[in-house]
Amino acid sequence: MAEVPEKPTLDGLEARWQERWASDGTYRFDRTHDRAAVFSIDTPPPTVSGSLHMGSVFGYVQTDCIARFRRMRGDQVFYPMGWDDNGLPTERRVELYYGVRCDPSLPHDPAFEPPETPDRKRPVPCSRPNFVELCLRRTVEDEQVFEALWRQVGLSVDWDLTYTTIGPKAQRASQRAFLRNLARGEAYAAEAPTLWDVTDQTAVAQAELEDREQPGAYHRYAFRPVGGGDPVAIETTRPELLPACVALVCHPDDERYRALVGTTVTSPLFGVEVPVHTHELAQPDKGTGIAMICTFGDLTDVIWWRELDLPVRNILERNGRLRAEAPAEITSDAGRAAYAELAGKTTKQAQVRIVELLSEAGELQGEPRAITHPVKFYERGDRPLEIVTSRQWYIRNGGRDADLRTALLDRGEALHWHPGFMKTRYDNWVGGLNGDWLISRQRFFGVAIPLWYPVGADGTVDHAAPIISDEASLPIDPSSDVPPGFRADQRGEAGGFIGDPDIMDTWATSSLTPQIACGWEDDPDLFDRTFPMDLRPQGPEIIRTWLFSTVVRSHFEHGHLPWTDTSINGWILDPDRKKMSKSKGNVVTPVDLLERHGSDAVRYWAASARPGTDTAFDEGQMKVGRRLAIKLLNATKFVLGLGEGVTDIDPAAVTQPIDRALLARLADLVEDATDAFAGYDYARALERTEAFFWTFCDDAVELVKGRAYGSLGPEAAASAAAALQLSLSTLHRLFAPFLPFVAEEVWSWWQEGSVHRAPWPDAAALRSAAGDADPLVLEVATAALTEVRRAKTTATRSLRTEVTSAEVRDRPDRIAALRLAADDLRESGRIASLDLVEVPDSALEVVVELAAPEPA
RNA sequence: GGGCGCAUAGCUCAGCUGGUUAGAGCGCUGCCUUCACACGGCAGAGGUCAGGGGUUCGAGUCCCUUUGCGCCCACCA
């Protein structure tokens with residue numbers, strides 16, 4: 001127990017208590033408890049390659065408030081922290097940070113060091129192992145920065161329970177889960193048209209797409225019917241894909257083109273003969289009503305290609321440039337000459353050139369018509385996605401299987417959503433899936449697909465018969481590890497083997513955070529005590545990725561949900577950029593704000609935002625939070641200074657009606673806050689606690705402080721002191737989840753142990769101490785005191801001014817209640833003569849006569 | 001095109017299952033340097049609860065509708 005300081009301050013609290021919590025193991029998970037006593041939280045592993053911004057602090061603080069509440073309420077809280085460090089974001093960061101580029105064809109160079117001064121325009125190529133080594137080096141440093149921030153903001157995670165998504169535990173779990181998916185037929189490989197990012201040269205999944213409005217133009221040109229007749233015009237935004245055209249399509253009911261259906265037409269410039277088909281998806285009112293199908297311009301092309309059983313005429317390389325070789329179907333010299341003009345160009349360059357060619361050939365009808373239209377992008381990319389055909393790994397997710405989809409929708413139904421309306425996003429997403437989950441990526445820094453393939457005597461790779469590692473050997477890297485039954489020198493040789501070159505998408509690992517954190521298969525004892533978990537807190541934007549994919553994996557592996565509840569935080573709205581960073585010239589970072597306002601103040605802002613509600617970034621709220629923390633210091637100092645000092649608080653000493661009324665109000669507060677917290681509504685709990693605290697300071701303390709100093713004798717003083725101390729003890733604990741630093745500080749002045757391990761206040765005990773208290777006593781006394789203050793303020797006199805006489809008029813029941821607090825009112829109002837008058841059906845009225853001012 | 005959310009004081013937001021004169025904080029104005037607190041305190045001004053209709057004894061709260069904003073989804077030639 002510490003002394004109450006002479007001059008309480010918030011300065012230095014963060015550093016002091018952070019260190020103390022670490023050395024005392026205040027938040028250590030005790031794994032001797034069984035599942036029923038444990039509350040386990042599937043904390044979002046932040047992407048460490050990203051920048052620290054207030055959005056992260058916002059959500060994590062809200063979760064921490066819940067965690068602290070559960071811990072105080074007696075749950076054994078399992079609160080680990082992961083770092084999401086694998087995947088493309090880290091590769092990007094490393095490329096820029098070190099000025100390097102991964103070239104998997106290079107051999108490992110043990111002496112490789114990145115350039116002293118990175119030249120981003122001319123990155124230095126390095127081998128895949130060297131590149132991965134740099135990624136690991138960088139992420140370790142990033143993770144330290146994140147951990148420091150989380151400690152500073154006071155997250156009560158158990159820092160012994162950290163994991164990374166590139167670490168061996170995560171690699172083992174994701175490879176094991178993948179192999180089991182494969183064994184059960186839930187994972188499969190397929191050669192199929194795939195959305196492809198030409199910058200990063202990797203496939204991307206449906207969940208990582210976003211639409212962006214882009215300028216484009218309709219270009220109009222015509223195909224010539226082989227059997228003669230009028231040319232048939234089409235309109236397209238992708239004229240450069242003309243050499244990849246495999247058919248035209250119109251709606252089956254479209255009279256205009258009926259005669260053409262079943263015939264063939266030839267393309268302009270290239271003279272390739274293609275059939276005319278019908279399909280329901282062709283829209284008569286779009287363009288000319290008849291469209292060219294290319295392999296592949298967009299996802300509709302893929303549907304048409306599949307359903308109309310069309311051939312592939314591929315002209316696009318994986319780097320987004322047109323192939324050097326013209327498609328075999330272009331046979332004419334003129335056609336091949338035209339294609340040669342396009343070969344090697346990007347789609348954008350090719351579009352410019354083909355429009356010139358069409359125009360020169362007189363094939364272009366009219367001027368291109370400018371439009372804006374939505375185009376699919378990889379969410380982290382800056383060039384439109386193309387569609388290329390490639391061999392990829394998929395995990396089933398209901399996108400092609402109605403039964404599975406229904407089962408996953410049912411899982412969403414069984415999950416408890418906070419707030420409930422967020423479930424709609426899940427339903428929309430699952431209901432709108434149009435393909436399985438593509439998990440393979442043609443990248444370097446990630447968990448490898450744990451497979452090899454036999455290479456036949458003729459040198460061909462047999463993808464249909466993968467060589468599978470046993471689970472005990474995981475994690476493996478098929479690019480360096482040798483499969484059972486083979487020698488290292490057989491890699492890539494006839495009769496040997498070859499490793500799958502791909503890695504898994506980061507979500508294929510992140511979707512297993514409950515399994516990774518809880519020690520799935522690695523630590524069965526821990527797993528039994530923590531899984532399935534209780535809570536998944538996260539942002540709304542990753543319901544379709546992280547939340548959904550986690551449900552999918554758990555559904556397959558365990559046959560139930562990975563957690564019972566999910567809380568979805570809101571979004572931070574940038575209030576107005578003009579006011580913040582720009583004009584003042586300083587970008588606001590979390591660290592900056594934490595240092596300026598203090599951790600408790602920033603937490604107060606975050607915890608004030610209701611669950612799932614978008615919130616404006618508001619430094620004003622942080623100032624309010626800081627003021628609240630300071631008030632807590634001062635109010636505590638004052639109450640602890642009353643009377644004889646504090647030993648044990650004796651609830652039975654609370655005898656005065658107004659003191660008991662205070663305890664009754666306190667019991668109400670505890671019930672409110674507890675109910676709110678139990679429903680994951682931390683913001684409501686904070687709001688109630690704060691509102692009570694201010695009236696406690698302004699009114700309750702003011703009313704009873706004279707008596708507490710002994711003006712009405714020792715018993716009355718003891719009653720006031722006990723009631724105030726009981727209130728204080730309760731308030732310290734109610735504030736602890738929100739303002740952990742200041743709450744710990746004030747608690748330490750008069751209590752043993754950490755407030756964060758203290759029991760959550762018990763409403764029933766307070767209720768019993770309050771006995772048959774009439775809440776009106778406190779209510780009317782407060783109202784009357786406010787009126788007396790008002791009279792003094794209106795007269796522009798000091799609150800110290802003596803009141804020669806005051807007459808309080810109110811309803812009989814209220815006057816009766818006030819009579820029980822008359823002495824306290826007289827003293828706090830400095831009232832010489834107090835009259836209480838019963839007036840039926842009247843509202844409170846106080847007539848005050850002030851003492852004459854002192855002569856100047 | 002479908003869906004979700006939001007719209008309450010100048011600003012940021014409460015108002016949970018409909019119930020007496022609609023609340024808080026910030027900001028603003030005034031007063032008070034009170035023996036916990038000037039990193040204060042006390043008090044005051046300020047609102048046709050987005051518009052329209054309906055249910056009800058009674059609607060900020062429920063239903064319908066219009067408008068505006070944010071977000072999600074959709075096959076985007």
Side-chain angles (χ1 to χ4, degrees), chain A residues 4 7-11 210-211 213-214 216 218-219 234-238 241 248-249 279-283 286-294 297-304 371-376 419 421-429 431-434 540-541 543-544 570-571 573 575 598 605 608-610 612-621 623-624 626-642 672 675-676 679 681 683-684 687-688 690-691 694 697-698 701-702 705 709 785-786 789-801 830 843:
Chain A
V4 179
K7 188 80 183 162
T9 174
L10 297 179
D11 296 339
E210 67 184 30
D211 285 352
E213 282 294 329
Q214 295 288 306
Y218 277 121
H219 301 78
I234 61 99
E235 285 196 341
T236 179
T237 55
R238 302 288 307 270
L241 294 180
L248 299 191
V249 64
H279 194 278
E280 298 286 342
L281 284 181
Q283 294 179 33
K286 207 157 206 175
T288 61
I290 188 162
M292 77 172 181
I293 304 174
C294 304
D298 62 27
L299 290 173
T300 318
D301 280 342
V302 177
I303 295 170
W304 281 329
I371 56 159
T372 40
H373 61 154
V375 176
K376 291 210 182 299
F421 65 80
M422 287 291 183
K423 184 175 93 70
T424 309
R425 295 193 184 216
Y426 179 93
D427 292 343
N428 283 350
W429 177 252
L433 287 168
N434 52 31
E541 76 283 6
I543 290 174
R544 67 178 184 174
W571 201 241
L573 305 174
W605 160 73
S608 300
R610 312 206 89 76
T613 302
D614 294 347
T615 308
F617 173 81
D618 187 2
E619 286 200 56
Q621 280 295 99
K623 292 188 178 134
V624 174
R626 185 173 178 85
R627 197 178 62 139
L628 174 63
I630 291 168
K631 188 78 174 176
L632 195 56
L633 289 175
N634 287 313
T636 301
K637 173 175 189 270
F638 178 66
V639 170
L640 296 184
L642 291 173
D672 268 4
D675 289 351
D681 193 349
R684 188 184 176 87
E687 182 197 59
R688 296 303 162 99
E690 187 190 7
W694 285 106
C697 292
D698 296 346
V701 171
E702 290 300 322
K705 83 178 173 190
Y709 275 127
L785 178 61
T786 299
R789 283 176 187 149
R790 194 197 321 276
K792 293 178 183 179
T793 301
T794 308
T796 68
R797 300 285 297 280
S798 159
L799 290 180
R800 260 188 185 167
T801 307
R830 294 170 177 264

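Numbers restart at 1 for each chain; the letters A, B, ... are given by sequence-line order, proteins then strands. The model shown is predicted, which means the values in this text are computed figures rather than measured ones.
- Distance noted for atom P between B/rU8 and B/rC57: 30 Å (whole Å).
- Taking a pair to require two hydrogen-bonding distances under 3.5 Å in either a Watson-Crick or a G-U wobble arrangement, B/rU33 remains unpaired.
- What separates CH2 of A/Trp605 from P of B/rC13 is a distance of 11 Å, to the nearest Å.
- Atom name C1', nucleotides B/rU48 and B/rA38: the rounded distance is 40 Å, in whole Å.
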For nucleotides 14-18 of chain B, which of its nitrogen or oxygen atoms have a protein nitrogen or oxygen under 3.5 Å away, and what is each distance?
residue	atom	partner	partner atom	Å
B/rA14	O2'	A/Glu687	OE1	3.1
B/rA14	O2'	A/Glu687	OE2	2.4
B/rC16	O2	A/Arg684	NH2	2.6
B/rC16	N3	A/Arg684	NH2	2.5

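- Here B/rC4 sits opposite B/rG70 as a Watson-Crick or G-U wobble pair (both hydrogen-bonding atom distances under 3.5 Å).
- If you take atom P in B/rU66 and the same atom in B/rC13, they sit 27 Å apart, rounded to whole Å.
- In this structure, A/His279 does not reach the B/rC75 phosphate: none of its side-chain N or O atoms is under 4.0 Å from OP1 or OP2.
- Comparing the C1' positions of B/rA45 and B/rU29 gives an interatomic distance of 7 Å, to the nearest angstrom.
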Write down the protein N/O and nucleotide N/O pairs, taken from nucleotides 36-40 of chain B, whose separation is under 3.5 Å; answer none if there are no such pairs.
residue	atom	partner	partner atom	Å
B/rA36	OP2	A/Tyr709	OH	3.1
B/rA36	O2'	A/Asn634	OD1	3.4
B/rA36	N6	A/Glu702	OE2	3.1
B/rA36	N3	A/Asn634	O	3.2
B/rA36	N3	A/Ala635	N	3.4
B/rC37	O2'	A/Asn634	ND2	3.3
B/rC37	O2	A/Lys631	NZ	2.9
B/rC37	N3	A/Lys631	NZ	3.1

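- Within 4.0 Å of A/Ala282, counting heavy atoms only, lies at least one base atom of the nucleic acid.
- No contact: A/Asp301 has no heavy atom under 4.0 Å from any strand.
- Across all strands, A/Gly432 comes closer than 4.0 Å only to sugar-phosphate atoms, never to a base (heavy-atom distances).
- A heavy-atom distance below 4.5 Å is found between the side chains of A/Pro540 and A/Arg425.
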